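The structure under discussion appears below in the form of structure tokens.
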Amino acid sequence: NEELTIALAGNPNSGKTTMFNALTGARQHVGNYPGVTVTRKEGFHTVNGTRLRIVDLPGTYSLTPYTEEELAARSFIIGEKPHAVIDVVDAGTLERSLYLAVQFMELGAPVVIALNMMDEVKRRKMTLDSGRLSTLLGVPVVETVARDGKGAQEMIAEAVQHARAHNGHATPLRISYGADVDAALDEMERAIVAARFLTDRLPARWVALKYLEKDEEIVTRGRAAGVLSRELEAVSDRLAEHLRATLNTDAESLIADHRYGYIASLLRQGVVRKDVTHERLR
Ligand code: GDP
Ligand code: K
Ligand code: MG
């Protein structure tokens with residue numbers, strides 16, 4: 001019998017556990033991620049004879065992990081390759097929340113976005129066009145209210161369909177980070193592909209990005225792999241020096257700026273409309 005693993009991911013307090021409880025009820029168990037004290041919650045949900053293993057991941061803002069929770073969430077997604085990753089997003093803080101969604105997409109994870117807390121969005125007289133967002137991002141987007149289970153069935157149906165269509169992999173999103181960063185990424189990507197460094201499980205461009213962000217885990221693995229790491233670090237150092245001299249900035253900030261720029265431009269294309277009339281009346 002088919003069993004699919006579906007991860008619930010997202011920022012802290014976006015409604016993941018509420019959604020997890022709504023889906024799995026009493027069929028839950030709690031453990032720990034290997035080597036860390038972070039709680040691991042999983043449970044089961046059956047839909048049309050398909051058993052879904054649902055994993056409630058720790059909250060994370062970024063895939064460049066700064067905390068044990070973030071590292072556990074990332075390791076799960078990279079190591080266990082869930083069939084679908086449902087990114088539970090607080091729809092009221094869409095711009096900030098999509099920062100993580102975009103990173104899942106760059107990683108090539110099969111993402112479904114649950115625009116949660118839609119009750120709050122409506123109460124604030126905001127209008128979100130989830131269909132438009134889905135078209136622009138190229139991933140399913142479902143509106144939910146986890147607190148009363150609204151949209152949960154549709155969300156699960158989308159996740160199952162997405163899982164079957166992608167078999168654990170989606171085409172990684174490629175964002176432009178500007179001419180200087182893109183050139184460095186291209187050069188690193190070629191070296192990573194040639195050395196087959198982590199390419200069995202990760203997009204080469206994502207590994208290159210992590211090098212520019214000085215990701216501890218990826219750089220440590222690269223150093224263990226030998227000469228390639230010196231090559232990648234040389235490109236990264238050269239870029240760092242250039243950015244410092246020309247723009248007085250570093251690669252990490254530029255990468256974050258471009259990600260936010262990408263998201264802001266998406267949202268301006270008809271995704272977010274605030275009811276201005278209502279605002280003027282107050
Ligand atoms: P997590 O950190 O992502 O697991 O978030 P939780 O599930 O613990 O939810 C954080 C808070 O948001 C709790 O107080 C929930 O009751 C509340 N919450 C979750 N989903 C919704 C929703 O759709 N609408 C509203 N208004 N509140 C919600
Ligand atoms: K919480
Ligand atoms: Mg939680």
Side-chain angles (χ1 to χ4, degrees), residues 5-34 36-45 52-77 80 82 84-105 109 111-131 133-134 139-159 271-272 274-275 278:
T5 299
I6 301 207
L8 293 174
N11 294 167
N13 293 313
S14 65
K16 297 176 295 301
T17 300
T18 307
M19 188 63 90
F20 175 77
N21 290 335
L23 292 171
T24 60
R27 293 182 300 162
Q28 306 181 353
H29 50 96
V30 176
N32 280 95
Y33 287 92
V36 294
T37 53
V38 179
T39 306
R40 170 167 177 158
K41 281 177 95 177
E42 51 180 73
F44 293 92
H45 179 82
L52 307 180
R53 181 166 73 108
I54 314 258
V55 181
D56 180 17
L57 290 180
T60 179
Y61 289 107
S62 168
L63 284 186
T64 297
Y66 295 104
T67 63
E68 276 201 336
E69 283 77 11
E70 293 191 329
L71 191 58
R74 178 172 104 170
S75 299
F76 183 86
I77 288 171
E80 300 202 26
V85 175
I86 298 178
D87 185 1
V88 181
V89 159
D90 176 350
T93 59
L94 197 51
E95 190 155 349
R96 177 153 50 93
S97 305
L98 288 179
Y99 192 75
L100 181 64
V102 159
Q103 292 179 74
F104 285 138
M105 294 174 65
V111 175
V112 171
I113 294 177
L115 279 187
N116 193 39
M117 312 231 184
M118 282 304 292
D119 53 334
E120 283 295 317
V121 167
K122 283 175 186 149
R123 199 180 57 76
R124 282 156 52 192
K125 304 278 186 244
M126 303 264 300
T127 313
L128 291 182
D129 189 337
S130 54
L133 181 62
S134 173
V139 302
V141 177
V142 182
E143 299 182 12
T144 63
V145 182
R147 211 183 243 172
D148 22 272
K150 242 191 222 157
Q153 294 310 318
E154 190 195 343
M155 178 194 82
I156 284 297
E158 287 287 358
V271 174
V272 182
K274 189 156 170 62
D275 186 337
H278 177 83

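All ligand and atom numbering here is 1-based and tracks the order in the structure. The model shown is predicted, which means the values in this text are computed figures rather than measured ones.
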Thr17-ligand 1 polar pair, N/O distance under 3.5 Å: yes
Does some non-hydrogen atom of Ser14 fall short of 4.0 Å from ligand 1? yes
Counting backbone and side-chain atoms alike, does Asn13 have an N/O/S atom under 2.8 Å from the Mg ion (ligand 3)? no
Under 3.5 Å, side chain of Asp90 to main-chain N/O of Gly92, donor-acceptor pair present? yes
Are any of the N/O atoms in Thr18 less than 3.5 Å from those in ligand 1? yes
Ala146 N/O under 3.5 Å from ligand 1 N/O: yes
Would you check, one step at a time, whether the test side-chain contact (heavy atoms from CB on, under 4.5 Å) holds for Phe76 with Thr5? CA-CA 11 Å; Phe76 183 86; Thr5 299; 4.1 Å; yes
Measuring only between side-chain heavy atoms, which start at C-beta, is Val139 closer than 4.5 Å to Ile113? yes
Near Glu120 (heavy-atom distance under 4.0 Å), the atoms of ligand 1 are 26 (N)
With distance as the sole criterion, is a donor-acceptor pair present between the side chains of Asn116 and Thr144 under 3.5 Å? yes
Is Val145 touching ligand 1 with its side chain, its backbone, both, or neither, if touching means heavy atoms under 4.0 Å apart? both
Might you work through the salt bridge (Lys or Arg N to Asp or Glu O under 4.0 Å) test for Arg40 and Glu80, ending with a clear yes or no? CA-CA 13 Å; Arg40 170 167 177 158; Glu80 300 202 26; 3.3 Å; yes
Does an N or O anywhere in Gly15 fall below 3.5 Å from an N or O of ligand 1? yes
Can you name the one residue among Asp87, Val88, Val89, Val145 that meets side chain to side chain contact (heavy atoms under 4.5 Å, CB included) with Leu115? Val89
